[in-house]
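Quick note on labels: first sequence line is chain A, next is B, and so on, each numbered from 1.
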Amino acid sequence: MPRPQILRKRADFLRAARAGRAHTDAFTLQARQRNDDSAAGLVRVGYTCSKKVGNAVARNRAKRRLRAVAAEVLPRLGRPGWDYVLIGRPGATAVHPYEAMLRDLARALEKVHRPREQKR
RNA sequence: GCGGAUGGCUGGAUGACCGCGGGCUCCGCAAGGGGCGCGAGGAAAGUCCGGACUCCACGAAGCAACGGUGCCGGGUAACGCCCGGCGGGGGUAACCCUAGGGAAAGCGCCACAGAAAACAGACCGCCGCGGUCCGCCGCGGCAAGGGUGAAACGGUGGGGCAAGAGCCCACCGCGGGACUGGCAACAGGACCGGCACGGCAAGCCCCACCGGGAGCAAUGCCUAAUAGGGGAUCCGCAUGGGCUGCUUCGGCCUCGAGAUCCCGGGUUGGCAGCUUGAGCCUGUCGGUAACGGCAGGCCUAGAGGAAUGGUCAUCCAGGGGGGCAACCCCCGGACAGAAUCCGGCUUACAGGCCAUCCGCGCAA
RNA sequence: GCGGGUAUGGUGAAAUGGUAUCACACGAGCCUUCCAAGCUCUUGGUGUCGGUUCGAUUCCGACUACCCGCU
């Protein structure tokens, strides 16, 4: 599988937020299946850490950890044609155990994938 | 050994695996892939100062306004920074702090208390003379004593006097000051004066010196489609009006319907600016030092919503528990992350290391 | 990246360098059969650390927090 593309456009984030989401202790996952087929076979992922997370150091640290988690999990469990958005949470994202975050992401992906498949 | 002062350094180490951003190189038409090497700080922070760089403005001189700096000498590209010295204050000491020019240029303020708060004067008083209803009153002299206050027109002692007073004398203080030392700030000070000249300028102010504005999202360039804006010259109109802090001389702008020539606005973008620089290291020389000269060597992040991350193992500090001990178990790594680049200041910071010095105690 | 402002009781606001004031709120009392209103009294404060001054909310510096512009 090719490397996931990084989401940058505000519109993509907004569309993902309107679709499914799942909360865990250390982050929130939002995801949607794209309808336009511009980049059909790709997994795309974005990261959000607002100023609520802390100063620039804390925000970057949170983003780096989210990237690390996503890079380990998404190639196995992510689905082509989907956009994922990981949102950092104050306090938790920077200190939560790494193992637990891996498990949480896997579980959150399951939960987010399920209702879509029931519809189809 | 205990306590303290100052200056400086450091602020996890090694390895493995999976990743990220640039660079060089190889393969490939391309997409992409392989290899090698590099990749946060002493504060990258606050934005409090000073510059480099770029664009804009700008004619010169004087004046005025506004802001800043403020002992002296040196360092520096420059500074409100640094070094050395001086004066003042604190500490037994090492040492530390210090916005520290001018109060006889002028204005202003000094609450409460106190008789009196800045220029002299007199509330309680002291002394003399006169009067007296013996309570005191009037006239004159005096400023030592009292109490207030942050601050009271010199302090102590003696002489002197009706009582007193720099009225006189000695010492100290104060003012001036030849001269001496020092580049200077300043220090010492023969001698003279005879007490006059309170404090506040981080109150207005005076003096000296410095200062154009904006900021790399500056600024320059490239491509495409398209809308029709502007400039120069000539001609016409006008010889006025306006702007430039003020003045003098000067400069600039302002109108059209025409002709010719030329340029080209905005917007997701891309490239440059962008890291070779008041650079770093070593040695040597000058200097008390800050720092500078010379020689040799080195290239050390460069992104563009933004990389430097994750996991594991061993070790090194640190904390807790068990054990006589060897040792074992658990926890666990300060402040914080480049964004045009430098020089400072300030603020944050677990701990560790080094050097010099001071006081006390003990021993010799 | 560049610049400006504010901070005073629980809240909102005043204060020429000289005892920090006012309104509402809170608490207590009076009044009322009770509540509200009204009246009286009380508690509580200059963001932090330094400096200048005899004396600082005020003047100066550094820091902290919040707010607002420009690009």
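We find that CZ of A/Arg59 is positioned 12 Å from P of B/rA307, with the value rounded to whole Å. Atom CD of A/Glu99 and atom P of B/rC312 are 7 Å apart (whole Å). Atom NZ of A/Lys63 and atom P of B/rG21 are 15 Å apart (whole Å). Regarding A/Glu72, its CD atom lies at a distance of 11 Å from the P atom of B/rG19, rounded to whole Å. Atom NE2 of A/His96 is separated from atom P of B/rG310 by 16 Å (rounded to the nearest Å). Between A/Leu102 atom CG and B/rU311 atom P there is a gap of 9 Å when expressed in whole angstrom units. Atom-to-atom, CZ of A/Arg103 to P of B/rG310 comes out at 19 Å; the value is rounded to the nearest Å.
Smallest separation of non-hydrogen atoms from A/Cys49 and A/Leu66: SG-CD1, 4.3 Å.
Taking atom P on both nucleotides, B/rC280 is separated from B/rA77 by 13 Å, rounded to a whole Å. Only the C1' atoms considered, B/rG343 is 28 Å distant from B/rA355, to the nearest whole Å. Look at the P atom in both C/rG10 and B/rG213: the space between them is 45 Å, to the nearest Å. Taking the P atoms as reference points, B/rA272 lies 11 Å from B/rG304, given to the whole Å. Straight-line distance between the P atoms of B/rG305 and B/rG270: roughly 8 Å, to the nearest whole Å. The same atom, P, is picked in B/rC360 and in B/rA93; the two are 12 Å apart, to the nearest Å. B/rA45 and B/rU347 have their C1' atoms separated by 8 Å, with the value rounded to a whole Å. B/rU10 and B/rG277 have their P atoms separated by 27 Å, with the value rounded to a whole Å.
Between A/Leu109 and A/Val73, some side-chain heavy-atom pair lies under the 4.5 Å cut-off.
The partner of B/rU180, taking Watson-Crick or G-U wobble pairs whose two distances both stay under 3.5 Å, is B/rA187. B/rC2 is paired with B/rG359 under the Watson-Crick or G-U wobble criterion, all donor-acceptor distances under 3.5 Å. The partner of B/rG50 is B/rC342, judged by Watson-Crick or G-U wobble contacts that both fall below 3.5 Å. When Watson-Crick and G-U wobble pairs are counted only if both distances are under 3.5 Å, B/rG154 pairs with B/rC172. Pairing for C/rA65 is with C/rU6, a Watson-Crick or G-U wobble pair whose two hydrogen-bonding atom distances lie under 3.5 Å. With a 3.5 Å ceiling on both atom-pair distances, the Watson-Crick or G-U wobble partner of B/rU311 is B/rA16. Nucleotide C/rG50 is matched to C/rC60 when pairs are restricted to Watson-Crick or G-U wobble geometry with both distances under 3.5 angstrom. Base pairing of B/rG59 is made with B/rC249, judged by Watson-Crick or G-U wobble geometry with both donor-acceptor distances under 3.5 Å.
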- Task: Report the C-alpha separation of A/Phe27 and A/Asp104 in whole Å, then their side-chain angles, then the decisive distance to 0.1 Å, and conclude whether the side-chain contact (heavy atoms from CB on, under 4.5 Å) test is met.
- Result: CA-CA 9 Å; A/Phe27 57 86; A/Asp104 288 344; 4.3 Å; yes
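Against the 90° criterion about 0, the sugar-base torsion of B/rG22 places it in the syn range. Anti is the conformation of C/rU64, whose glycosidic angle sits further than 90° from 0. For B/rU311, the O4'-C1' to base torsion is more than 90° from 0; the nucleotide is therefore anti. Nucleotide B/rG130 carries an anti base; the chi torsion (O4'-C1'-N9-C4 or O4'-C1'-N1-C2) is more than 90° from 0. Glycosidic conformation, B/rG135: syn, with the torsion inside 90° of 0.
When the nucleotides B/rU311, B/rG309, B/rA336 are ranked by their closest atom to the side chain of A/Val57, B/rA336 comes out on top. The side chain of A/Arg64 approaches B/rG309 more closely than any other nucleotide in the set B/rA307, B/rG309, B/rG310.
Remark: the backbone N or O of A/Ala17 is paired with a side-chain donor or acceptor of A/Arg21 at under 3.5 angstrom. At least one donor-acceptor pair under 3.5 Å links the side chain of A/Thr93 to the backbone N or O of A/Ala26. Judged purely by atom type and a 3.5 angstrom limit, A/Arg18 has no side-chain atom pairing as donor or acceptor with the backbone of A/Arg32.
Nearest-nucleotide positions on RNA chain B place A/Asn60 closer to the 5' end than the other of A/Pro97 and A/Asn60.
Between A/Arg67 and B/rA307 there is a side-chain polar atom (N or O) within less than 4.0 angstrom of OP1 or OP2.
At least one test fails for A/Arg44 against the ring of A/Tyr84: distance under 6.0 Å to the centre or angle within 45° of the axis.
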